[in-house]
A.B. asks: 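Before we start, here is the structure in question, set down as structure tokens.
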Amino acid sequence: MTGLSPTGDAMTAPFFEAAGQGRLVVQQCSSCGALRWPPLAGCPDCRGRDSAWVDIAPAGTIWSFVVYHRAFAAELKPDIPYTVVMVELDDGPYMIGRLLEGEKPPAVGARVAAEFVATDGVPSVRWRIV
């Protein structure tokens, strides 16, 4: 495992378990129904404390992106340059993640779909331009 591994984080464990099954999930507030990512202990909309993990469509639109030419962390140095996108998911929340290697240069407004990959044995989500 690298220093970037989420292994052992109880708050995000359901997300990574679902990614390992090829599913994209986010938290949904049990009180008001708001979807949220990243996961939180309480709802920022209604302050409810109960939530459930729900499946959402694994697609969205690039809202913003950055191409890293310097490694954000030492573990990422071999990947330079790499692209990180902020995706407005079709079901509402925003999610940040890496664009798959070899993809054409991104553009704001481009449609993307989630791809589920394992990095050092940890399931994760990457984005593919469609």
Side-chain angles (χ1 to χ4, degrees):
M1 292 293 144
T2 70
L4 301 176
S5 173
T7 302
D9 180 7
M11 181 71 74
T12 59
F15 173 81
F16 291 100
E17 288 172 19
Q21 300 165 1
R23 299 172 24 245
L24 189 61
V25 298
V26 296
Q27 284 182 323
Q28 182 174 40
C29 176
S30 299
S31 297
C32 72
L35 297 175
R36 67 177 179 260
W37 179 262
L40 300 167
C43 179
D45 291 352
C46 76
R47 300 185 189 200
R49 302 298 284 171
D50 295 324
S51 63
W53 288 89
V54 296
D55 287 88
I56 60 168
T61 303
I62 294 177
W63 189 82
S64 183
F65 70 92
V66 62
V67 177
Y68 283 87
H69 295 279
R70 297 179 94 177
F72 177 75
E75 293 88 352
L76 299 172
K77 191 171 184 176
D79 299 339
I80 295 299
Y82 62 91
T83 303
V84 175
V85 293
M86 176 177 268
V87 176
E88 181 177 8
L89 298 168
D90 289 348
D91 290 328
Y94 290 78
M95 191 172 281
I96 296 172
R98 300 246 322 250
L99 196 63
L100 284 170
E101 292 180 33
E103 285 291 313
K104 61 185 177 183
V108 170
R111 296 287 299 158
V112 291
E115 294 281 330
F116 301 93
V117 299
T119 304
D120 292 332
V122 177
S124 62
V125 177
R126 296 287 188 263
W127 297 96
R128 175 180 46 83
I129 297 173
V130 293

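All heavy atoms count here, side chains included; hydrogens, waters and symmetry mates do not.
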A.B. asks: Phe72 and Ile96: same hydrophobic cluster, using ILVMFWY side-chain contacts below 4.5 Å?
C.D. replies: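 Same cluster.
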A.B. asks: Thr83 and side-chain contact (heavy atoms from CB on, under 4.5 Å): which single residue from Val67, Val66, Leu100 fits?
C.D. replies: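 Testing Thr83 for a side-chain contact (heavy atoms from CB on, under 4.5 Å) against Val67, Val66, Leu100 leaves exactly one candidate, Val67.
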A.B. asks: Has Trp37 got more than 12 heavy atoms of other residues, nucleotides or ligands less than 6.0 Å from its CH2?
C.D. replies: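 Yes.
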A.B. asks: Identify whether Leu99 and Val108 are in the same connected component of the hydrophobic contact network (ILVMFWY, side-chain heavy atoms under 4.5 Å).
C.D. replies: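 Cluster IDs for Leu99 and Val108 match.
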A.B. asks: So Leu76 and Tyr82, do their side chains get closer than 4.5 Å, heavy atoms only?
C.D. replies: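 Result yes, sub-4.5 Å side-chain heavy-atom pair found.
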A.B. asks: For Glu88 and Trp63, work out which heavy atoms get closest and say how close.
C.D. replies: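 Closest pair (atom of Glu88, atom of Trp63, distance): OE1-CD1, 4.2 Å.
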A.B. asks: Is it true that atom CD of Gln21 has more than 12 heavy atoms of other residues, nucleotides or ligands lying nearer than 6.0 Å?
C.D. replies: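 It does: Gln21 CD has more than 12 such atoms within range.
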A.B. asks: Nearest heavy-atom pair of Ile62 and Pro106: which atoms, and what distance?
C.D. replies: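 So the minimum-distance heavy-atom pair works out to CD1-CB, 3.8 Å.
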A.B. asks: Provide the closest heavy-atom pair for Trp127 versus Val112 in the form atom of the first, atom of the second, distance.
C.D. replies: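 The answer is CE3-CG2, 3.7 Å.
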A.B. asks: Does the side chain of Pro38 reach to within under 4.5 Å of the side chain of Phe15, using non-hydrogen atoms?
C.D. replies: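 Sidechains of Phe15 and Pro38: no contact.
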A.B. asks: If you define the side chain from C-beta out and look only at heavy atoms, does anything of Met95 sit under 4.5 Å from Leu24?
C.D. replies: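 Met95 reaches Leu24 side chain to side chain.
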A.B. asks: Determine which pairs satisfy salt bridge (charged side-chain N to carboxylate O under 4.0 Å, His left out) with at least one residue from residues 32-55, sequence neighbours left out, and list them in order.
C.D. replies: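 Of all non-adjacent pairs touching residues 32-55, those that pass salt bridge (charged side-chain N to carboxylate O under 4.0 Å, His left out) are Arg23-Asp55.
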A.B. asks: How far does CG of Leu89 sit from CD1 of Ile56, to the nearest 0.5 angstrom?
C.D. replies: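 Those atoms lie 4.5 Å apart.
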A.B. asks: Backbone N or O of Ala52 within a donor-acceptor pair of the Gln28 side chain at under 3.5 Å?
C.D. replies: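 Between the backbone of Ala52 and the side chain of Gln28 there is no qualifying donor-acceptor contact (under 3.5 Å).
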A.B. asks: Where do Ala114 and Val125 come nearest, in terms of heavy atoms and distance?
C.D. replies: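 Closest pair (atom of Ala114, atom of Val125, distance): CB-CG1, 3.8 Å.
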A.B. asks: Calculate, to the nearest 0.5 Å, the distance between atoms OH and OG1 belonging to Tyr94 and Thr61 respectively.
C.D. replies: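 Interatomic distance, Tyr94 OH to Thr61 OG1, rounded to 0.5 Å: 9.5 Å.
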A.B. asks: What are the two closest non-hydrogen atoms of Phe116 and Gly22, and how far apart are they?
C.D. replies: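 Heavy atoms only, the tightest pair is CE1-O, 3.4 Å.
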A.B. asks: Is there a donor-acceptor contact under 3.5 Å from the side chain of Arg111 to the main chain of Gly60?
C.D. replies: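 Pair found, side chain donor or acceptor close to backbone of Gly60.
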A.B. asks: Holding to salt bridge (charged side-chain N to carboxylate O under 4.0 Å, His left out), I want the full list of residues that pass it with Asp79, two or more places apart in sequence or in another chain.
C.D. replies: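 Listed in chain order: Arg98.
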A.B. asks: So, do Ser31 and Cys43 sit near enough that their side-chain heavy atoms are less than 4.5 Å apart?
C.D. replies: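 The answer is no, as the side chains (C-beta and beyond) never meet within the 4.5 Å cut-off.
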A.B. asks: Met86, Tyr68: one ILVMFWY side-chain cluster at the under-4.5 Å cut-off?
C.D. replies: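 Same hydrophobic cluster.
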A.B. asks: So, for Ser124 and Thr119, which heavy atoms are closest and what is the spacing to 0.1 Å?
C.D. replies: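 Minimum heavy-atom contact is OG-OG1, 3.7 Å.
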